[in-house]
There are 2 protein chains.
Amino acid sequence: MKVAKFGGSSVASAEMLQKVASIIKDDPQRKFIVVSAPGKRFSEDIKVTDLFIKLGEQYNSGQDVEGTLQKITDRFMSITKDLDLSDEIAERIKNESKRLLKETSNSSHLMDALKAMGEDSLARVLSAYLNKIGLDATYVNPKDAGIFVSDDPGDAQVLEHSYDKIYKLREKEGIIVIPGFYGYTEKGVLTTFPRGGSDITGSIIAAGIEAELYENFTDVSSVYSINPAIIDEPNEIKFLTYKEMRELSYSGFSVFHDEALIPAFNKNIPVCIKNTNEPEAPGTMIVANKEEYNGPIVGIASDKGFASIYVSKYLMNREIGFGRNLLNILVEEQISFEHAPSGIDSMSVIVRSDQLTEKKEQRLMSRIKQELDVDYVSITHGLGMVVIVGEGLSNRVNVAAIATTAIAKAGVNIEMINQGSSDVSMMFGIREEDINKAVKSLYLDFFESAMVVR
Amino acid sequence: MKVAKFGGSSVASAEMLQKVASIIKDDPQRKFIVVSAPGKRFSEDIKVTDLFIKLGEQYNSGQDVEGTLQKITDRFMSITKDLDLSDEIAERIKNESKRLLKETSNSSHLMDALKAMGEDSLARVLSAYLNKIGLDATYVNPKDAGIFVSDDPGDAQVLEHSYDKIYKLREKEGIIVIPGFYGYTEKGVLTTFPRGGSDITGSIIAAGIEAELYENFTDVSSVYSINPAIIDEPNEIKFLTYKEMRELSYSGFSVFHDEALIPAFNKNIPVCIKNTNEPEAPGTMIVANKEEYNGPIVGIASDKGFASIYVSKYLMNREIGFGRNLLNILVEEQISFEHAPSGIDSMSVIVRSDQLTEKKEQRLMSRIKQELDVDYVSITHGLGMVVIVGEGLSNRVNVAAIATTAIAKAGVNIEMINQGSSDVSMMFGIREEDINKAVKSLYLDFFESAMVVR
């Protein structure tokens with residue numbers, strides 16, 4: 001049995017839903033279907049979920065909501081009309097939204113309930129359409145599917161006992177269509193996952209039913225080795241390990257929500273990223289272990305918005321506890337750190353800049369100065385990170401040489417290197433404005449140069 | 001005014017002392033002379049200080065000391081005889097040693113007093129010889145010179161108020177000869193510096209009298225860029241900054257005791273390493289800032305005996321405080337760390353292996369496992385460090401590329417890289433057995449290749 005999840009762009013229109021239905025029909029193993037809410041059809045389009053958020057915000061600030069509600073129902077109406085389905089689902093949205101606005105007193109519960117209605121309605125539409133074309137399909141609400149979550153509106157975590165309940169779904173006949181993005185607390189309150197949470201639902205269902213494969217249909221035929229906005233038609237990744245995927249998504253790859261894969265990962269279920277518009281393409285397989293390597297690295301990710309806290313103190317290396325004391329101040333200020341390179345008499349701590357307000361920065365500097373009696377402390381913003389990712393990379397003799405040479409050829413200075421703990425990644429700190437230059441040069445040398453043994 | 005310090009090999013024999021005298025005579029600015037105890041004359045020879053240590057150990061374990069004491073007096077007797085001086089100083093050693101053994105009840109005070117007698121006696125010999133050849137020279141005991149130190153036998157630190165007293169030495173007429181290696185506590189107890197401490201005495205005197213130059217006479221004409229045991233006739237360093245010197249000596253260069261330069265450093269006094277056997281050679285100047293660069297790096301140091309403590313825990317990066325908590329356990333176990341690279345789900349801490357007994361290692365592992373609830377923890381020994389050192393190195397685009405390429409060419413895998421805090425050094429962790437290969441290759445590429453712009 002397979003779980004197939006279809007993202008926002010795959011369900012954005014009647015035409016796309018017809019492609020989805022045909023993909024489902026093509027493979028009888030595609031028994032569990034998870035859907036997002038309709039996404040953008042063209043670049044200026046508005047995602048249905050964003051319309052629902054607007055609706056909630058308008059209501060909370062006492063504005064008229066009729067216009068927005070009409071836009072949402074029109075959007076669904078055009079889909080059901082083109083699919084030759086009844087107006088019932090679109091009408092239901094109107095009535096259900098009005099009921100929620102009237103009856104829900106808790107504003108975060110209201111917001112979650114509204115946000116979830118895009119996925120919920122689309123699941124109903126798809127289920128109806130599958131029936132119409134002669135397939136045995138049933139809409140199943142996440143509560144009935146068994147998705148129980150923590151009481152964190154907008155940031156729910158699945159509860160462990162969900163999986164036993166979900167496993168029982170295997171017994172159901174026909175195709176099961178489940179809306180993504182939300183579950184229910186033990187008290188029965190609808191609560192959403194973090195944004196991008198339909199991937200999480202798909203992953204949870206795949207883990208729960210112990211799927212042989214979790215197919216994640218999106219609008220690209222593959223995960224690329226590098227952001228296609230930087231290099232045209234970059235190398236397609238055929239196989240990725242979970243670890244590689246996790247490093248890539250953590251460091252700025254936007255294919256997956258950072259932790260969406262965890263449930264599938266824990267149950268060792270392979271994941272395939274596929275394209276709804278080109279379902280015959282093999283896509284990218286994400287697996288626990290891979291046997292084939294295409295080269296020393298699989299991808300290059302990058303991210304901006306880092307700051308370096310630099311501290312120097314003569315004879316620092318003689319002082320047992322200095323590093324602990326410095327990190328302790330950061331913990332007390334609720335700042336998490338990414339990396340902490342050190343010299344004999346100095347130490348730097350790399351953190352995400354968005355954790356530092358101007359006031360917090362001032363307090364941090366004066367605390368470090370006073371409590372640690374340092375000679376000098378400074379905070380520099382505008383640091384970017386470039387990460388090269390590849391299973392076993394730390395054991396390949398020339399990876400560091402190829403990478404640092406490529407960055408040097410781009411005329412980019414390396415401010416810091418983090419290598420030594422992860423065997424899957426190597427991280428370079430450079431100035432933000434140099435990221436594209438460095439990434440391009442790395443791509444050329446790792447993926448297009450004859451120098452690299454694949 | 002200059003301070004000239006002569007090391008153990010420079011004062012090992014009458015012949016060497018004649019060279020020393022002629023060096024002093026050559027430059028009237030060489031007014032403050034600091035001496036070590038006689039060192040080895042040939043490779044199987046025994047240093048006088050080691051003989052004194054043996055004497056103390058024999059006495060403490062109730063053995064007969066006559067043989068050792070005779071060896072020491074014979075050694076000095078042969079020097080004074082060849083210099084045509086009286087036997088008085090050699091006789092004094094015998095009497096003074098016996099008096100100390102009889103009168104000193106505290107065994108660490110006794111050991112310090114015995115250890116210091118090599119320097120003390122040699123200063124008396126040199127002073128007498130300078131007088132004999134017509135120079136106005138006076139032996140000055142460290143107590144009279146004003147060297148006051150902390151009460152840490154064998155590991156004394158100079159007390160700040162010493163410098164005012166030392167400054168007054170400037171008023172004395174003629175050449176002042178001071179034995180290195182020791183000072184006196186406030187209570188008047190003779191206490192030695194850490195081994196190699198004659199360099200420290202020279203540095204303290206240079207700082208105290210505000211010397212224009214601190215000349216450190218040894219048996220090499222220059223500091224080399226690399227250990228000459230690895231490469232024949234390596235590049236000579238003309239100028240080194242304090243920072244570069246500190247990084248090099250910390251990472252395995254044995255020219256200087258790690259912190260000997262601190263007093264001179266604090267007073268901004270230039271230091272010159274010179275050769276007693278070739279005093280006309282310019283030597284190596286150690287300065288606060290240098291204007292000329294010979295290349296991107298000045299030297300390559302290496303050291304063995306490191307261990308890596310590797311810890312992995314899924315979703316570690318979500319846990320604020322993990323790094324602090326890990327380092328906290330190390331602090332509680334009194335272990336200082338050198339470097340701590342980190343990944344998303346893992347962190348490594350590099351420490352010196354000699355801090356870990358088997359028992360401590362077991363306790364450390366079980367504490368980390370239990371208190372931090374990690375998935376996996378391991379400790380790997382046999383790690384070596386190779387450090388490249390050069391002022392401004394972190395701002396030179398291609399240094400990391402040249403270094404990593406050189407190491408890769410040697411077929412050596414880089415286990416970790418520490419770069420990002422010090423602007424003077426870049427550190428590579430490799431297997432101990434690969435150190436020589438890596439260092440050789442780095443030397444060839446940085447110092448002998450036409451690729452590097454100097």
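Values reported hereafter were calculated over all heavy atoms of this structure, with side chains retained and with hydrogens, waters and symmetry mates removed. Chain letters run A, B, ... following the sequence lines, proteins first, then strands; residues in each count from 1.
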Check your understanding: What residue, out of B:T405, B:V387, B:I417, has the most heavy-atom pairs lying under 4.5 Å from chain A?
Key -> B:I417

Study note, to complete from the structure: chain B shares the most heavy-atom pairs under 4.5 Å, among A:S342, A:S308, A:A408, with A:S342

Check your understanding: Taking only residues two or more places apart in sequence or in another chain, which ones pass ring-ring contact (aromatic ring centres under 6.0 Å, His included) with A:Y242?
Key -> A:F265

Exercise for review: Search all heavy atoms of A:I414 against all heavy atoms of B:A400 and return the closest pair with its distance.
Suggested key: CD1-CB, 4.1 Å

Practice item. Verify the neighbour count for atom NZ of B:K267: are there more than 12 heavy atoms of other residues, nucleotides or ligands below 6.0 Å? Key: yes

Practice item. Verify side chain to side chain contact (heavy atoms under 4.5 Å, CB included) between A:V397 and B:V412, making sure each step is shown before the conclusion. Key: CA-CA 6 Å; A:V397 162; B:V412 172; over 6 Å; no

Practice item. Keeping the roles fixed (side chain from A:N418, backbone from B:G343), state whether a donor-acceptor pair exists under 3.5 Å. Key: no

Exercise for review: Heavy-atom pairs under 4.5 Å with chain A are the metric here; pick the option from B:V331, B:V349, B:V311, B:N325 that has the most.
Suggested key: B:V331

Check your understanding: Quick one: CZ on B:F322 to OG on A:S336, what's the gap to the nearest 0.5 Å?
Key -> 13.5 Å

Review point. Does anything in residues 421-431 of chain A get under 4.5 Å of chain B by heavy atoms, and if so which residues?
Key: A:S421, A:S422

Point to revise | Top contributor to chain A interface from B:A340, B:G323, B:A406 [non-hydrogen pairs under 4.5 Å] | key: B:G323

Review point. Given the options A:L327, A:L330, A:V399, which has more heavy-atom pairs under 4.5 Å with chain B than any of the others?
Key: A:L327

Point to revise | With A:S441 via side chain to side chain donor-acceptor pair (under 3.5 Å) - residues at least two apart | key: none

Review point. Between B:I320, B:I344, B:N328, B:I350, which residue shows the highest count of heavy-atom pairs closer than 4.5 Å to chain A?
Key: B:I344

**Study point:** Side-chain (A:Q419) to main-chain (B:E415) donor-acceptor, under 3.5 angstrom
**Key:** yes

Check your understanding: Quick one: do A:D345 and B:K243 make a salt bridge, cutoff under 4.0 Å?
Key -> no

**Study point:** chain A contact via B:Q334 - side chain, backbone, both or neither, heavy atoms under 4.5 Å
**Key:** both

Practice item. Could you list the residues that satisfy side chain to side chain donor-acceptor pair (under 3.5 Å) with A:S353, not counting sequence neighbours? Key: A:H381

Check your understanding: Considering only heavy atoms, which portion of B:Y314 lies under 4.5 Å from any heavy atom of chain A: side chain, backbone, both, or neither?
Key -> side chain

Exercise for review: Any chance you could measure A:I407, atom CD1, to B:N398, atom CG, to the nearest 0.5 Å?
Suggested key: 12.5 Å

Point to revise | Other residues, nucleotides, ligands: >12 heavy atoms within 6.0 Å of B:N289 CG | key: no

Study note, to complete from the structure: Most contact-rich option vs chain A, by heavy-atom pairs under 4.5 angstrom, among B:M416, B:E332, B:E247, B:R324, is B:R324

Revision key, fill the gap. Closest non-hydrogen contact found for B:H339 with A:P341 is CE1-CA, 4.2 Å

Point to revise | chain A contact via B:I335 - side chain, backbone, both or neither, heavy atoms under 4.5 Å | key: backbone

Revision key, fill the gap. Assert top hit (heavy-atom pairs under 4.5 Å, partner chain A, pool B:S348, B:A410, B:A403) equals B:S348

